[in-house]
Number of protein chains: 2
Amino acid sequence: MTERTRTAPRQAEAERNDRALLEAARRALALDGAHASVAAIASRAGVGIGSLYRRYRTKEELFQRLCVLALDHWIDAAEQGLAHEDPWAGIVHHVSACVDFGPGTMAPIAGTIEVTEEMAARADRCDEVTRALVSRAHAAGVLRPDVTATDLYLLVEQLGRSPLPWQIADQGRDELLGAATEARARVVAIALEGLRAGTVTPLPGRPPDAGLLRDRWEPLPAAG
Amino acid sequence: MTERTRTAPRQAEAERNDRALLEAARRALALDGAHASVAAIASRAGVGIGSLYRRYRTKEELFQRLCVLALDHWIDAAEQGLAHEDPWAGIVHHVSACVDFGPGTMAPIAGTIEVTEEMAARADRCDEVTRALVSRAHAAGVLRPDVTATDLYLLVEQLGRSPLPWQIADQGRDELLGAATEARARVVAIALEGLRAGTVTPLPGRPPDAGLLRDRWEPLPAAG
DNA sequence: GAAAAACGGAGCGAAGCACTCCGTTTGGCA
DNA sequence: TGCCAAACGGAGTGCTTCGCTCCGTTTTTC
């Protein structure tokens, strides 16, 4: 098959624009949460509003797509972690990769958009793969035994919500961007160290229920 | 002086309202960042908009007051930490107390309000007292030596930005609120464990510059 | 029962929102 | 070279939400 994968230049631009849009949406969401506006996203991506709406029929559709990508990223990071021979290195890889993408960024829009089947399926797979990562590390004795997969999720969500790098980028203080990213990496390293086995102080309270993370996404039953 | 501190009932209500306003503002800021609206704050506090504006001439003034309170809280927590005999317990107390109040909540409005002298003075004192807490722990050998005061600040800011409890409260899922708070405490405990001396992996990169935290608050020099 | 003080919220002009519509630009092809 | 389809950017639209003012009401005091 001598299939020519020649991409038309206009089509290539469209693809670049799509990537820029999703990246911009991710940043806007990290900075402004649920109040992120389509105008801000398009402008940040260097793309006209018209082009945004040619690709996504509504703002909600764009956000849903972004959620799918974030979940995919999470799954990939976990699978790559499982591919590591060293279970501890697997955890480290997973957490670091997730924090960089920032799945916690999606949390603020929980409950404001409809959960598609695509999203739900990805979320299930997330649970699966994360639990596998955690139990392998538990079995190897490298992860503190009282940490659950839900604990890990919350930690990653928390660490990924650092607005500092994006805030600095948004303010145009580019000379500080490297320093901000480095600083965040240090915080992640500290937290990772706290996950290691061999600690003395047990975690407080009961292990968190996984439903805690899911329920946010369901529409509210009724108003009081 | 037999000064009668009898408080008029109407004056007591005013005080209660003020407290409710500040608490509501804190929550609104945690949930909506810089987009938090005065209407939402007043409504959440169960107070009329008119009453809000009788106490604070502008939204900015309210936020400035809130920043002062947050900085005071930070300072108090550090001083109480220093009062502990055990340097490690001091760190733990400081971090836990700060996360509960959530000074990281103020980060999103950095650069959108003018920094008053009151705020600047408090910020200086914060630096001072935090550095004291950290160096005492370093001297005692209980805090990992490569952690700086700025690292600690970033960690606390990060941990304090957990939106989960407030998000759940906002959605009216009160039955989950306790679980959410407990879950957050576990994450904090994990991070604290990572601060302990005796860890093997050194922190990546160079120690962060303190200016990283300050520059956000200064108005931008000019638009590109 | 009148003055003072604190209250809640309707209303205002301005700003911001999601989204539509359309004139322009670009590359492929006869 | 001229024409068409495709992708483009952004002004315009109706509507919501914003910060804030203004005012009628309620409560306390004397």
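Worth saying up front: this structure is predicted, and the values here are computed from it rather than measured. To find a chain, count down the sequence lines: A is the first, B the second, and so on, and within it residues start at 1.
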**Complete:** Glu15(A) atom CD is separated from dA6(D) atom P, nearest whole Å, by 17 Å
**Mutual orientation of the aromatic rings belonging to Phe101(B) and His73(B) [parallel < 30°, tilted 30-60°, perpendicular > 60°]** = parallel
**Request:** Say whether, by atom type as modelled, one donor and one acceptor occur between the side chain of Gln158(A) and the main chain of Ser162(B) under 3.5 angstrom.
**Result:** yes
**Verdict with reasoning, Thr105(B) to Trp166(B), per side-chain contact (heavy atoms from CB on, under 4.5 Å)** = CA-CA 12 Å; Thr105(B) 292; Trp166(B) 288 323; 3.8 Å; yes
**Message:** Walk me through whether Glu114(A) and Gln64(A) qualify under side-chain contact (heavy atoms from CB on, under 4.5 Å).
**Reply:** CA-CA 8 Å; Glu114(A) 204 190 344; Gln64(A) 286 168 334; 3.9 Å; yes
**Verdict with supporting geometry, Arg214(A) and Glu218(A), salt bridge (Lys or Arg N to Asp or Glu O under 4.0 Å)** = CA-CA 7 Å; Arg214(A) 290 254 169 150; Glu218(A) 270 150 39; over 6 Å; no
**Message:** From CG of Leu21(B) over to C1' of dA6(C), roughly how many Å is that when rounded to an integer?
**Reply:** 13 Å
**Request:** List the protein contact pattern of nucleotides 8-21 of chain C with one symbol per nucleotide (5' to 3'): B for base contact, S for sugar-phosphate-only contact, - for none; contact means a heavy-atom distance under 4.0 Å.
**Result:** BB-------SSBB-
